Amino acid sequence: MPFLFRDTLTGETRELATLEPGVVRMYNCGPTVYSTPQIGNFRAWMFADVLRRALELGGHEVRQIMNITDVGHLTLDDTESGEDKLEAASRREGVTAWDIAARYTEEFFESARRLNILPAHEYPRATQHVPEMIAMIRGLIDRGHAYVTPAGNVYYDVATFPAYGRLSGNTVEELEAGARVAVVPEKRHPADFALWKRDEQHQMQWDSPWGRGYPGWHVECSAMARKYLGDEIDIHTGGEDNIFPHHECEIAQSEGLTGKPFARLWLHNRHLLVDGRKMSKSSGTMYTVDDIEARGHSLRALRYMLLATHYRQPMNFTWPALDAAAGAVRSLDTSVRGITAADGVADDPSLAALSAGAETRFLAALEDDLNVSAALAVVHELRAAVNRAQTVSRGDAARLRGTWERLDSVLGLDLLAHAASTPEARPDDAEIQGLVDARTAAREDRDWARADAIRDELAARGIRLEDGPDGVRWTRD
RNA sequence: GGCGGCAUGGCCAAGUGGUAAGGCAACGGAUUGCAAAUCCGUGAUCCCCGGUUCGAAUCCGGGUGCCGCCUCCA
């Protein structure tokens with residue numbers, strides 16, 4: 001079965017037909033590193049991560065590139081009201097823009113790692129690809145798609161690229177009528193966008209044929225995608241806000257230069273809302289990964305939650321929904337941990353059929369425009385079926401673990417590792433074990449009041465007890 | 001002002017013409033000393049109004065509410 005995706009450019013659901021059979025060249029729009037990323041940003045990176053994992057489960061080799069935008073950019077075309085995020089952060093924190101970029105790049109990597117997002121194959125930085133961008137701008141000027149103003153700025157001439165607006169559904173005329181773009185006299189058309197800005201005040205500046213300055217925002221992705229993936233790529237992803245102007249401009253740059261279709265599929269994820277509203281700093285809803293942990297939630301629960309809503313649906317973050325995700329993860333952990341094998345138990349052919357069927361349906365759901373919600377339904381049905389099976393043969397147990405491993409290769413919840421691991425050692429382990437033993441003794445004496453009192457005390461400390469046939473197991477919440 | 005999207009049980013969320021997946025919570029039962037975990041079972045006609053159709057959550061029209069893009073933004 002081929003993968004089907006809804007392509008933003010055509011509005012159609014289309015088959016993934018890669019340039020090179022079996023190899024997917026994928027470019028994901030990454031972070032702009034001027035502040036700590038919030039969980040809405042991670043919805044986009046998580047989408048890219050699951051997409052990559054699903055393609056790999058489907059047998060594709062994926063070459064994944066994610067840019068790090070570490071150059072500050074003034075808004076499109078003005079030097080008065082525009083604010084450069086990196087320079088603003090630099091002023092606020094009293095360090096250079098370079099320090100800001102380095103610091104938040106590290107934060108991004110750290111949070112991504114904690115969310116079990118697989119590293120892309122390259123994370124090209126804009127600051128390290130200025131020569132490539134200059135070369136691209138030169139090519140665009142040579143081909144008549146860009147022009148240099150007397151002030152030393154270089155703009156893309158949108159009138160020379162008739163397809164401009166096709167991705168977003170905008171037309172150049174409407175954009176002009178919208179009049180939200182400040183009129184800059186030196187531009188031929190209000191929708192023309194900057195490829196190079198001459199600015200000797202800017203903290204980050206480079207020499208160019210047009211004077212010292214810095215590159216326009218959009219050109220970095222065109223230049224870096226081309227360098228690492230070639231003139232044509234299979235998949236380009238980003239948040240819905242990137243559709244216009246960023247990706248629209250990328251198409252104009254890349255195709256204007258090469259004359260070849262840039263990306264075969266454009267995939268965009270909808271935004272994450274908090275309590276049904278756009279998250280905002282003023283309402284205190286721009287949660288970071290640290291905020292989630294500070295509230296006592298695991299990042300596995302956050303990962304599950306971010307996964308569980310289809311990427312093209314607006315997703316609503318609420319704390320009760322995060323609780324629900326935590327419950328779902330716990331039930332999966334319990335089930336995987338509970339797979340117990342015994343000698344002398346015969347293989348159960350129905351179990352093998354069950355897992356094989358689950359894997360098939362799981363992949364089929366993912367192939368259908370990455371329907372992770374439907375895939376999770378398969379996962380939970382398998383979970384319930386396995387729980388019903390109780391003790392299984394050694395062969396079946398190994399097969400089941402194999403199935404869970406493959407399902408988890410997409411989910412990224414580390415289910416097997418969690419099932420196998422013993423709780424991490426803590427200083428009060430001995431004390432807790434002592435209380436557990438005391439409760440066991442009380443139960444043997446049928447002193448239920450004392451046994452329950454101990455259980456309550458442990459519960460208050462976040463210790464969960466499970467009385468099983470093989471004794472008591474305890475875990476930390 | 002222009003363009004686009006969404007509205008499914010208490011909460012989260014699949015499903016785009018053939019009679020409502022899944023998770024969490026809740027309730028009843030099994031199990032348990034009592035619990036926890038697990039298993040079995042219970043719940044929605046799909047924002048409102050009108051239309052098309054043998055048949056609509058799914059298509060069309062009109063409302064209402066919310067969200068997004070048009071400016072940096074995942």
Side-chain angles (χ1 to χ4, degrees), chain A residues 11 28-32 34-35 37-48 69 72-78 81-86 88 165 168-171 173-175 177-182 191 217 237-246 248 268-273 276-279 304-305 308-332 334-335 337-338 365 368 371-381 383-384 387-388 390 443 446-449 451-452 455-456 459 464-468 472-475:
Chain A
N28 311 123
C29 266
T32 302
Y34 62 86
S35 67
Q38 31 83 3
I39 57 176
N41 299 131
F42 277 106
R43 181 176 196 202
W45 327 141
M46 194 69 86
F47 162 53
T69 297
H73 299 286
L74 290 170
T75 33
L76 216 50
D77 33 18
D78 71 314
S81 62
E83 182 193 41
D84 179 319
K85 295 289 178 62
L86 272 164
S168 58
N170 288 318
T171 64
E173 298 75 57
E174 281 164 357
L175 288 169
R180 289 191 64 172
V181 180
W217 172 39
T237 75
E240 58 175 326
D241 52 284
N242 282 152
I243 296 172
F244 189 90
H246 188 50
E248 196 77 78
H268 295 96
N269 62 278
R270 301 299 304 268
H271 278 175
L272 177 70
L273 309 175
R277 324 258 357 166
K278 183 174 182 172
M279 55 173 67
Y304 183 99
M305 185 181 177
T309 299
H310 188 93
Y311 74 93
R312 282 193 294 101
Q313 286 296 316
M315 171 174 177
N316 190 23
F317 176 92
T318 63
W319 293 103
L322 187 57
D323 285 334
V329 172
R330 199 185 308 129
S331 75
L332 293 175
T334 304
S335 182
R337 195 194 309 125
D368 182 15
N371 192 338
V372 180
S373 317
L376 283 172
V378 174
V379 166
H380 283 285
E381 281 164 13
R383 185 209 78 210
N387 286 345
R388 248 173 261 132
Q390 308 280 348
R443 292 180 70 213
R446 306 184 74 79
D447 182 354
W448 309 126
D452 292 350
R455 183 171 62 199
D456 290 346
R464 182 190 293 268
L465 296 179
E466 286 177 45
D467 295 335
V472 185
R473 169 149 52 195
W474 61 272
T475 51

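Order of the sequence lines sets the chain letters (A, B, ...), proteins ahead of strands, with each chain counted from 1. Bear in mind that the values here come from a model prediction, so they are computed numbers and not experimental data.
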Presence of donor-acceptor pair under 3.5 Å, side chain of [X] and base of [N]:
X       : N      : answer
R455(A) : A35(B) : yes
K85(A)  : C72(B) : yes
R312(A) : G5(B)  : no
D241(A) : G68(B) : no
R277(A) : C67(B) : no

Using the [atom1] atom as the point on both nucleotides, what is the distance between [M] and [N], in whole Å?
N      : M      : atom1 : value
G18(B) : C24(B) : C1'   : 31 Å
G51(B) : C67(B) : P     : 32 Å
C59(B) : C54(B) : C1'   : 16 Å
G28(B) : A36(B) : P     : 12 Å

| query | Does OP1 or OP2 of A37(B) have a side-chain N or O of R337(A) closer than 4.0 Å? | reply |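 No, no such contact exists.
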| Quick one: on RNA chain B, does G468(A) or N41(A) contact a more 5' nucleotide (nearest heavy atom)? |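 Of the two residues, G468(A) wins.
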| field | Most 5' of A328(A) and Q390(A) on RNA chain B, judged by nearest nucleotide | value |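 Checking each residue's closest nucleotide, the 5'-ward one belongs to A328(A).
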| task | Would you indicate whether the side-chain heavy atoms of R464(A) and R330(A) approach each other to under 4.5 Å? | result |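 In short, these two side chains touch, coming nearer than 4.5 Å.
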| query | Which pair of heavy atoms, one from L272(A) and one from M279(A), lies closest together, and at what distance? | reply |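 Smallest interatomic distance, heavy atoms only, reads CD2-CE, 3.8 Å.
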| request: Can you see which heavy atom on W45(A) is nearest to which on P31(A), and at what distance? | output: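 That would be CH2-N, 3.4 Å.
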| field | Nearest to side-chain heavy atoms of W45(A), which nucleotide of G22(B), C69(B), A74(B) | value |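 For W45(A), the side-chain atoms sit closest to A74(B).
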